[in-house]
There are 2 protein chains.
Amino acid sequence: MVRRTRAEMEETRATRLATARRVFTGHGYADTSMDDLTAQANLTRGALYYHFGDKKGLLAAVVEQIDAETDQRRQAVSDTAEDAWEGFRGRCRAYLEMALEPEIQRIVLRDARAVLDGTSPDSQRHCIQSMQRMIDNLIRQGIVAEADPQALASLIHGGLAEAAFWIADGEDGSARLAQAVDALELSLRGLLVKR
Amino acid sequence: MVRRTRAEMEETRATRLATARRVFTGHGYADTSMDDLTAQANLTRGALYYHFGDKKGLLAAVVEQIDAETDQRRQAVSDTAEDAWEGFRGRCRAYLEMALEPEIQRIVLRDARAVLDGTSPDSQRHCIQSMQRMIDNLIRQGIVAEADPQALASLIHGGLAEAAFWIADGEDGSARLAQAVDALELSLRGLLVKR
DNA sequence: CCCTAATCATACTCCTTGCATGTATTTTCG
DNA sequence: CGAAAATACATGCAAGGAGTATGATTAGGG
């Protein structure tokens, strides 16, 4: 195998991450061996263990990348909203739609949850924290009723994730998506302060 | 090793299930080898594969047993309620409290979700169905607003599971449990028809 | 009393992970 | 600029785990 130049070396980690993302998404974490990954790319296990430590480290790196991307996309959604409450609702809907992507379902919501118990500092904690901050603001503005922001964020985040699985499990995805959004609206309206 | 009598043979499967439950709860599915299980009980891998087919089959059997038990316990809770809505709320709270048990968190909510993708017919689908039936009744009685019962059940079930993880993650469990129940009440009241 | 099927034990095979070691390239520095 | 150190891989090896094949033992029926 030919040696790589310096520029290629720096690309190696990114390339490998992308490959792992693709293969993990297709085959799942458990059914993907390190040799499978080396076959898909053209590097060997040595590079893998050098860059990521172990198999879990590789998964953690993939999850972190996905998490950063999706959080950025969600941020863009809530930034364009009229007011804070609409931004929050939009963000919830955006999360629901993103959670339909196989990459997120399989890697983040299924495999990472089982493999990266408490080892990952953020995993999906990062996106729960974003949601928690939004809720905290809404409460301080008197829009949402008094409650613990973390508890609310966990509750909502978990609901959205499970709903996404339900949507993906059916044949008619768009119909289920609409139904899930309706259900979401119902439970969200309970958060508002009574007037 | 001494041969077992007929009566003991019939107990073998149940005994083995209980052992697997204990070891899976303590070490997790992935970190438990078949040899670990044979060491804990006093049967060998031959018996294991004879009764359960493979490792996933063993997990599926454990999950099914836990699921049946917990669903029965939840049924008892909602049966003693005054009206349908209180029964539903009580059942949600009961689920939240049960989801705190390590057995359920580790085996049902974490490992089974990753390992038994769509292979298990029920897994936690069974308890979502129970919840879905309750919601369906509440909607027909005009107590809960019109929505797809499955979507609502998925949303709520997922939220409760995630909230349980959040509670278990903290030190002061009872405080977090109270906060989670408050958050739950908020989102549940949104389901009621406006008067 | 023998025969068959059920129930378990044991001995393998194959695969995977992680590590240890080797090698080439790059960087650092006197 | 040249050597030493660090970096970025490649490769071979050992330990362990899953699943299977096959053998042994017993229950139960005819």
Side-chain angles (χ1 to χ4, degrees), chain A residues 1-20 23-24 26-63 107 111-112 114-117 119-120, chain B residues 1-24 26-63 107 111-112 114-117 119-120:
Chain A
M1 183 164 300
V2 187
R3 280 284 149 188
R4 266 146 289 282
T5 75
R6 177 62 210 269
E8 285 171 337
M9 279 180 179
E10 283 168 348
E11 285 177 9
T12 298
R13 186 188 154 97
T15 303
R16 188 124 284 226
L17 253 187
T19 303
V23 181
F24 279 163
H27 290 46
Y29 174 82
D31 289 344
T32 301
S33 73
M34 297 303 236
D35 289 338
D36 288 342
L37 293 174
T38 62
Q40 291 282 332
N42 34 359
L43 291 175
T44 59
R45 291 225 307 280
L48 254 179
Y49 280 92
Y50 175 77
H51 283 292
F52 304 103
D54 58 354
K55 201 183 173 187
K56 283 170 69 172
L58 178 59
L59 178 63
V62 170
V63 169
I107 300 183
D111 290 335
V115 178
L116 281 49
D117 182 37
T119 51
S120 113
Chain B
M1 182 162 301
V2 187
R3 280 284 145 186
R4 264 147 290 282
T5 75
R6 180 61 209 267
E8 286 171 335
M9 279 180 179
E10 283 167 350
E11 283 177 8
T12 299
R13 186 187 154 96
T15 303
R16 185 123 289 219
L17 254 188
T19 303
R21 239 173 108 153
R22 199 179 61 241
V23 182
F24 279 162
H27 289 48
Y29 174 82
D31 289 343
T32 301
S33 74
M34 298 303 237
D35 289 339
D36 287 342
L37 292 174
T38 61
Q40 292 283 332
N42 34 358
L43 291 175
T44 59
R45 293 231 302 279
L48 251 181
Y49 281 92
Y50 175 78
H51 283 291
F52 302 104
D54 58 356
K55 200 182 174 189
K56 284 170 68 173
L58 177 59
L59 178 63
V62 171
V63 168
I107 299 184
D111 290 337
V115 178
L116 281 47
D117 182 36
T119 50
S120 112

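To find a chain, count down the sequence lines: A is the first, B the second, and so on, and within it residues start at 1.
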Task: Rounded interatomic separation in angstrom, taking CG from A:Asp35 and P from C:dG18 - done: 12 Å
- [ ] Starting at atom CG of B:Asp54, determine the distance to atom P of D:dG17, rounded to an integer number of angstrom.
- [x] 17 Å
Open item on the list: Please report the distance, rounded to the nearest Å, between CE in B:Met34 and P in D:dT20.
Closed with: 10 Å
Task: 5′-ward residue of the pair B:Lys55/B:Gly46 relative to DNA chain D - done: B:Lys55
- [ ] Give the rounded distance in Å between these two atoms: CG of A:Leu48 and C1' of D:dA10.
- [x] 12 Å
Open item on the list: Can you measure A:Arg45 atom CZ to C:dA20 atom C1' for me and round it to whole angstrom units?
Closed with: 12 Å
TODO: Please collect all salt bridge (Lys or Arg N to Asp or Glu O under 4.0 Å) contacts where either partner lies in residues 45-55 of chain A, sequence neighbours excluded, each pair once.
DONE: A:Asp35-A:Arg45
Open item on the list: To check you understand the geometry: which heavy-atom pair defines the closest contact between B:Asp31 and B:Asp36, and what is its length?
Closed with: O-OD2, 3.8 Å
- [ ] Measure the distance from CG on A:Leu43 to C1' on D:dT11 and round it to the nearest whole Å.
- [x] 14 Å
Task: Length of the OH-P vector between A:Tyr49 and D:dT11, whole Å - done: 16 Å
Open item on the list: What is the separation between atom NE2 on A:His51 and atom P on D:dA8, rounded to the nearest whole Å?
Closed with: 7 Å
Task: Nearest-0.5 Å distance that lies between atom CZ in B:Phe52 and atom CG in B:Leu37 - done: 10.0 Å
Open item on the list: C:dT7, OP1 or OP2 - any side-chain N/O from B:Tyr50 closer than 4.0 Å?
Closed with: yes
TODO: Tell me which nucleotide among D:dA10, C:dA9, C:dT16 gets nearest to the side chain of B:Thr44.
DONE: C:dA9
Task: Nearest-0.5 Å distance, OG1 of residue A:Thr38 to CZ of residue A:Arg16 - done: 7.0 Å
Open item on the list: By the 4.0 Å heavy-atom rule, please label B:Thr38 as base, sugar-phosphate, or nothing.
Closed with: nothing
